[in-house]
Amino acid sequence: MPNIKSQIKRDRQNKKRTIKNKALKSRIKTSQKNLAAMVGSEKLEEAEAGLNQLNKALDKAVKGSAVHKNYSSNKKSQAAKLVNSIKK
């Protein structure tokens, strides 16, 4: 247990940030799994809705500094490629 006030505050802040970041990352992973399931069942409209949901989750995570913007771009690109694979 830290004795310095600023370190006590820093510990409190880190706990809150950790919880927030885990929630954002979990939302991304869940959206990816849902999208993969929709693509697997070849439901185009649902897959496009799932892609929008994933993009929204990634954008929020980047805005909150939970993930890097390049990570987000890579995931968006992979997801778009996956959805486009069932359009044919």
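Remark: the Gln13 side chain and the Arg10 side chain contain an N/O donor-acceptor pair separated by less than 3.5 Å. Between the side chains of Gln7 and Asp11, a donor-acceptor pair is found at a separation under 3.5 Å.
A donor-acceptor pair under 3.5 Å is absent between the side-chain atoms of Ser77 and the main chain of Ser73, judged by distance alone. Without hydrogens or angle criteria, Ser26 side chain to Lys22 main chain gives no donor-acceptor distance under 3.5 Å.
Atom CG in Asn34 sits 6.5 Å away from atom CD in Gln53 (nearest 0.5 Å). Note that the NZ atom of Lys9 and the NZ atom of Lys5 stand 11.5 Å from one another [nearest 0.5 Å]. Here the CZ atom belonging to Arg17 is positioned 7.5 Å from the NZ atom belonging to Lys20, to the nearest 0.5 angstrom.
Taking the side chain as every heavy atom from C-beta outward, Ile4 and Ser6 approach each other to under 4.5 Å.
With sequence neighbours excluded, the residues satisfying side chain to side chain contact (heavy atoms under 4.5 Å, CB included) with Glu46 are Met38, Lys43. The salt bridge (charged side-chain N to carboxylate O under 4.0 Å, His left out) test applied to Lys29 returns no partner, not counting sequence neighbours.
Surrounding NZ of Lys60 are at most 12 heavy atoms belonging to other residues, nucleotides or ligands under 6.0 Å away.
The existence of a salt bridge linking Glu48 and Lys87 is confirmed by a sub-4.0 Å separation between a basic side-chain nitrogen and an acidic carboxylate oxygen.
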